[in-house]
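Below, each value reflects all heavy atoms present in this structure, side chains not excepted, and no hydrogens, waters or symmetry copies. Reminder, nothing fancy here: chain letters follow the sequence lines and each chain counts from 1.
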Amino acid sequence: MEDAKQLEAFEAKIAAGQKIEPKDWMPEAYRKQLVRMMSQHAHSEIVGMLPEGNWITRAPSLRRKAILLAKVQDEAGHGLYLYSAVETLGVDRTELLKQLHNGTAKYSSIFNYPTLSWADIGAIGWLVDGAAIMNQTALARGSYGPYSRAMVRICKEESFHNRQGYEIMMTLAQGTPEQKALAQDALNRWWWPAVMMLGPSDDQSPNTDQLMRWKVKMESNDAIRERFIDRTVPQAEFIGLSVPDKDMKFNKETGHYTHGPINWDEFFQVIKGNGPCNANRLKARADADKNGAWVREAAMAYAAKQMKEKEVA
Amino acid sequence: MSQDSQWPVWEVFLQANPGISHKHVGNVHAADAEMAIQNARDVYTRRSEGISIWVVPANAIAASSPEDQGAFFEPSNDKPYRHPTFYKIPDGVKYL
């Protein structure tokens, strides 16, 4: 009975546009869904550093290198904001990392693809960060205070990522025929994974009604995907590249592009762990955690020693 | 036995400009105060968002509870006489 009343108050608060804060009452299903989404999001930021980190030492100029370093550092920051936000729901970071390393928690499917050429760094900033911004701008209006605030901050920072990626693609597309071919090849390989990273189509995405009412999800996957495609296709055309979808057509009546069929089988295979780099990414994360353990322990021991000396003095 | 942890949590307060108060911006994990300040700098001021940082161990913060919000803050609700607009002053009176 108490629960029904609390649920009513909770839903009224959300309907009125107020945020839910960590100590407020919330239904268990709301808490669980948020922990799942936010931790997946945090892990994506951290694992997302790997494909780009791969090119830091090989960036074609000092300018590009400094920019890529700053971008990868931002991703680390985003991971930290998000882990903090998940911790407000009572799950600590040690537990979250354990779930990532043992495979019970997921991260975005897109980071299981390899970065084969420098142009891939352009494609990631332009397409992957571009798609992420579409999703995150929606999430910034969500009901959970700490998540929404983290999203606002992240969105502000992501627009630099998006633009630097497009600039890399534009420079290559205006370069030699070989450079332009590199850019087109990167677009060919990253286009569909980027379109898919916004999640399964609406008829395959369960529980959406309740999540929408609770403002955990703000828009359906297909709606966000449509916006991403509508904005990105003209950006490709502007620099003389074309998206690898022969069915892509602008529909004058709806004002939107219609796209060809999406290979969802590939998406679910990658989610299941069968993408080109899943094992590699998880191993890199687990190794970093294991190899860093002595540093974390030493820092704690040093802090304890300093504290003791302070007490004696 | 392993003592591994992700380090204690420190809440971070940032002063954006001189003359204004420090504002809570989030938290960081760190082994000690010095590391917490450095981590806070890297996590929260990558774009010159601040000129001063305070860090406080998260477990040192006590907070009022949301369930008691109504009763707890109620005493100030029935005291409109604490606001200057409560008092009616004739139009001709100046500087009041």
Side-chain angles (χ1 to χ4, degrees), chain A residues 2 6 9-10 13 18 20-26 69-71 73-88 91-98 145-146 149-150 152-154 156-157 160 289-307 310, chain B residues 1-17 21-51 53-74:
Chain A
E2 189 61 9
Q6 282 173 316
F10 167 84
K13 207 168 166 183
Q18 288 176 38
I20 304 300
E21 296 299 333
K23 287 181 162 185
D24 293 346
W25 183 90
M26 60 186 80
L69 263 174
K71 179 184 189 292
Q73 194 192 13
D74 269 356
E75 307 300 358
H78 298 173
L80 293 176
Y81 307 153
L82 286 162
Y83 284 129
S84 289
V86 198
E87 285 189 309
T88 62
V91 195
D92 77 16
R93 206 163 81 185
T94 311
E95 174 60 25
L96 295 169
L97 291 176
K98 204 169 91 196
R149 290 190 286 274
V152 169
R153 212 184 151 83
I154 288 174
K156 273 190 206 159
E157 300 185 346
F160 131 59
D289 189 60
K290 204 169 64 201
N291 297 336
W294 73 270
V295 179
R296 293 191 295 275
E297 286 176 35
M300 280 313 288
Y302 177 75
K305 191 178 144 206
Q306 294 293 104
M307 193 68 100
K310 221 171 167 184
Chain B
M1 207 188 83
S2 170
Q3 294 293 306
D4 192 16
S5 79
Q6 288 285 315
W7 294 329
V9 176
W10 302 70
E11 295 299 332
V12 179
F13 299 81
L14 209 59
Q15 186 185 30
N17 289 298
S21 47
H22 286 65
K23 198 179 153 194
H24 183 244
V25 289
N27 62 39
V28 291
H29 288 240
D32 57 29
E34 190 188 343
M35 189 194 285
I37 290 173
Q38 285 170 355
N39 289 355
R41 177 200 60 191
D42 293 343
V43 176
Y44 295 104
T45 67
R46 288 194 304 281
R47 288 171 177 77
S48 319
E49 290 95 336
I51 55 157
I53 294 173
W54 290 349
V55 293
V56 181
N59 61 15
I61 293 181
S64 62
S65 89
E67 295 94 75
D68 303 338
Q69 183 189 337
F72 190 72
F73 293 102
E74 196 277 334

**Prompt:** Of all the residues in residues 26-35 of chain B, which have a heavy atom that comes within less than 4.5 Å of a heavy atom in chain A?
**Reply:**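 At a heavy-atom separation under 4.5 Å, chain A is reached by N27(B), H29(B), A31(B), D32(B), M35(B).
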
**Request:** Just jot down the salt bridge (charged side-chain N to carboxylate O under 4.0 Å, His left out) partners of K23(B), sequence neighbours excluded, or say none.
**Result:**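 Not a single residue meets the salt bridge (charged side-chain N to carboxylate O under 4.0 Å, His left out) criterion with K23(B).
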
**Request:** Could I get the full list of salt bridge (charged side-chain N to carboxylate O under 4.0 Å, His left out) partners for R149(A), not counting sequence neighbours?
**Result:**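 Partners of R149(A) by the salt bridge (charged side-chain N to carboxylate O under 4.0 Å, His left out) criterion, ordered by chain and then number, come out as E21(A).
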
**Prompt:** So, does Y81(A) use its side chain to make a donor-acceptor pair with the main chain of Y44(B) at under 3.5 Å?
**Reply:**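 No: the side chain of Y81(A) does not pair with the backbone of Y44(B).
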
**Asked** Quick one: of R153(A), M307(A), K156(A), H78(A), who has the most non-hydrogen atom pairs under 4.5 Å with chain B?
**Response**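 Looking at each option in turn, the highest pair count goes to R153(A).
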
**Prompt:** How about Q6(B) and D92(A): do any of their side-chain heavy atoms sit closer than 4.5 Å?
**Reply:**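 They are not in contact (no side-chain heavy atoms under 4.5 Å apart), so the answer is no.
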
**Message:** For a 4.5 angstrom cut-off between non-hydrogen side-chain atoms, does M300(A) reach P8(B)?
**Reply:**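 Result yes, sub-4.5 Å side-chain heavy-atom pair found.
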
**Item:** Q306(A) versus chain B, the contacting section by heavy-atom distance below 4.5 Å
**Value:**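 Contact with chain B is absent: no heavy atom of Q306(A) under 4.5 Å.
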
**Request:** Go through the atoms of Y83(A) and report whether side chain, backbone, both or neither lie under 4.5 Å from a heavy atom of chain B.
**Result:**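 Contact with chain B involves no heavy atom of Y83(A) at all.
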
**Prompt:** More than 12 foreign heavy atoms under 6.0 Å from CD of Q38(B): is that the case here?
**Reply:**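 It does: Q38(B) CD has more than 12 such atoms within range.
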
**Request:** Look at atom CH2 of W54(B) and say whether more than 12 heavy atoms of other residues, nucleotides or ligands are closer to it than 6.0 Å.
**Result:**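 No, the 6.0 Å shell around CH2 holds no more than 12 heavy atoms from other groups.
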
**Asked** Minimum heavy-atom separation for P66(B) to D24(A), with atom names?
**Response**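 Shortest heavy-atom separation between P66(B) and D24(A) comes out as CB-OD1, 3.5 Å.
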
**Interchain contact, E49(B) with chain A, by part (heavy-atom threshold 4.5 Å)** =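 Interface part for E49(B): side chain.
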
**Item:** salt bridge (Lys or Arg N to Asp or Glu O under 4.0 Å): pairs with one or both residues in residues 75-85 of chain A, sequence neighbours excluded
**Value:**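 Of all non-adjacent pairs touching residues 75-85 of chain A, those that pass salt bridge (Lys or Arg N to Asp or Glu O under 4.0 Å) are K71(A)-E75(A).
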
**Prompt:** Do the charged groups of E67(B) and K23(A) touch, with an N to O distance under 4.0 Å?
**Reply:**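 Looking at K23(A) together with E67(B), the answer is no, because their closest N to O distance does not fall below 4.0 Å.
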
